[in-house]
There are 2 protein chains.
Amino acid sequence: MEGTPTSRAERRRRTEERILSAARAIFAECGFQRTTIRAVAAAAEVDPALVMQYFGSKQELFEQAVRIPSIPPLDGELDPVEELLGRIGMKTGPLPQATLAMMRSMLTHPDAAEEVRGKLDGQVAQLADAIDSGDAELRAALMVSTMLGVTIAHQLLGLTALRGASPERIAETLRPSLRALADG
Amino acid sequence: MEGTPTSRAERRRRTEERILSAARAIFAECGFQRTTIRAVAAAAEVDPALVMQYFGSKQELFEQAVRIPSIPPLDGELDPVEELLGRIGMKTGPLPQATLAMMRSMLTHPDAAEEVRGKLDGQVAQLADAIDSGDAELRAALMVSTMLGVTIAHQLLGLTALRGASPERIAETLRPSLRALADG
DNA sequence: TCGTTGAGTCAACAAGTGTTGAGCGAAGTG
DNA sequence: CACTTCGCTCAACACTTGTTGACTCAACGA
């Protein structure tokens with residue numbers, strides 16, 4: 001029987017993680033507005049008041065739950081197109097729920113929009129550096145936008161034509177398109 | 001003085017249109033959930049109860065306000081890539097608010113998601129017909145996803161690199177990318 | 001063992017939501 | 001002119017929401 005750790009600190013850590021995990025899942029599925037503290041609490045098998053006590057507010061719960069690791073800088077040695085294809089989760093398994101939650105909320109929650117815009121702007125700047133062209137920034141922005149669109153259509157909207165497609169095949173088919181943007 | 005038509009039917013038609021217009025604007029900016037009947041009523045300078053009386057429910061108001069004209073079939077004579085570039089509003093002026101409202105809500109409102117998915121699926125099918133290739137459907141889906149992503153990044157998210165770009169320049173830069181998808 | 005701490009619950013509040021029914025007053029009709 | 005019709009408003013209901021404070025009880029330190 002190792003069911004109950006019964007250590008205070010340990011119990012706290014576990015329930016806190018249970019809440020965060022539940023929050024991530026529901027935020028990812030419903031977005032910020034339609035996610036209720038009560039639903040998160042129920043999924044975490046906890047009283048709603050406890051969620052407030054731990055995180056202070058729904059907004060802070062959201063921020064802590066969907067905190068995305070900052071995007072690492074592009075490796076200058078590798079092909080930007082390949083890095084881009086791999087990075088957005090097209091290759092290295094499905095996207096983390098925190099990212100999905102962020103994307104799900106970005107059109108209707110101003111803070112999420114700001115966050116995503118910032119992240120994408122950064123990605124654009126990095127990519128633009130790796131491209132030498134007069135309109136490098138525009139090209140980079142369109143590359144990022146393409147990845148954004150494909151991810152939304154695939155993961156969040158579920159376009160029928162993409163539902164059955166494996167990430168590898170999507171990446172493969174998409175590659176020439178991105179390359180056309182990257183090169184002049 | 002032609003300010004007050006004072007005709008009953010005419011008055012009704014006008015206020016109804018005023019409500020629909022206000023609804024479109026607010027739905028487009030805030031999405032379904034964050035849009036309140038009261039806000040729409042206030043913007044239309046009308047009592048909230050009247051909105052309900054005319055449209056029955058918030059959901060029906062949404063449906064009537066954001067009803068998008070069904071996508072016309074592709075003109076087989078024209079280049080699909082050019083049609084696609086022009087159609088999503090990249091060329092023929094900004095997108096109608098109904099479309100923006102639909103897109104704004106599609107990630108957090110299941111009905112809107114269903115509607116958009118259906119429309120995009122149709123678009124994909126049309127495009128796939130115009131492409132002859134083994135994976136025509138996948139290619140078509142990626143073309144539509146690309147347009148979706150660019151539109152979201154440009155109109156809804158406001159990526160800084162795209163904010164200053166004119167639709168013509170975006171279309172021009174994007175063209176080779178779409179063509180790479182359309183052709184083998 | 002005893003008092004303290006803190007994880008967790010319970011019940012409630014205050015604000016905002018979609019929605020409803022009664023009613024007012026002017027446009028329509030005879 | 002009466003009488004009806006209907007566009008429109010007012011006030012309220014029922015419900016959900018985020019949020020709070022008092023309370024319980026087991027883990028903890030002395």
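In what follows, chains are A, B, ... by sequence order, proteins preceding strands, each numbered from 1. Just so you know, these numbers come straight off a predicted model, no measurement behind them.
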Met143(A) and its side-chain contact (heavy atoms from CB on, under 4.5 Å) partner, picked from Val124(A), Leu148(A), Leu178(A) = Leu178(A)
Within a radius of less than 6.0 Å around CD of Gln33(B), do more than 12 heavy atoms belonging to other residues, nucleotides or ligands occur?
-> yes
Within residues 52-63 of chain A: residues closer than 4.0 Å to DNA chain C (heavy atoms) = Gln53(A), Tyr54(A)
For Thr99(A) and Leu95(A), indicate whether the former's side chain and the latter's backbone hold a donor-acceptor pair under 3.5 Å.
-> no
Distance-minimising heavy-atom pair for Ala98(A) and Arg67(A) = CB-O, 4.3 Å
Mind checking what makes ring pair (Phe, Tyr, Trp, His ring centres under 6.0 Å) contact with Phe55(B), not counting sequence neighbours?
-> none
Is Arg12(A) close enough and on-axis enough to Tyr54(A), meaning under 6.0 Å and within 45°, for cation-pi?
-> yes
Check: protein-nucleotides 26-30 of chain C nitrogen or oxygen pairs below 3.5 Å:
| from | atom 1 | to | atom 2 | distance (Å) |
| --- | --- | --- | --- | --- |
| dA27(C) | O3' | Thr6(B) | O | 3.4 |
| dA27(C) | N3 | Arg8(B) | NH2 | 2.8 |
| dG28(C) | OP1 | Arg8(B) | N | 2.9 |

Those residues at least two apart in sequence (or on a different chain) that pass side-chain contact (heavy atoms from CB on, under 4.5 Å) with Asp121(B) are Leu159(A), Thr160(A), Arg117(B)
Any Ile152(B) side-chain heavy atom under 4.5 Å of Met106(B) side chain | yes
CE/Met103(A) to CD1/Ile68(A) distance, rounded to the nearest 0.5 angstrom?
-> 9.0 Å
Check every nucleotide of DNA chain D for an atom under 4.0 Å from a heavy-atom of chain B, then give the first and the last such nucleotide from 5' to 3'.
-> dT5(D) to dA12(D)
Heavy-atom check, side chain of Arg18(A) versus side chain of Ser21(A), under 4.5 Å | no
Quick one: do Arg175(A) and Glu82(A) make a salt bridge, cutoff under 4.0 Å?
-> yes
Of residues 15-45 of chain A, the positions that come close to DNA chain C - non-hydrogen atoms, cut-off under 4.0 Å | Thr15(A), Arg38(A)
Whole-Å distance, Arg12(A) CZ to dG6(C) C1', equals 9 Å
Take the angle between the ring planes of Phe62(B) and Phe32(B) and call it parallel below 30°, perpendicular above 60°, tilted in between.
-> perpendicular
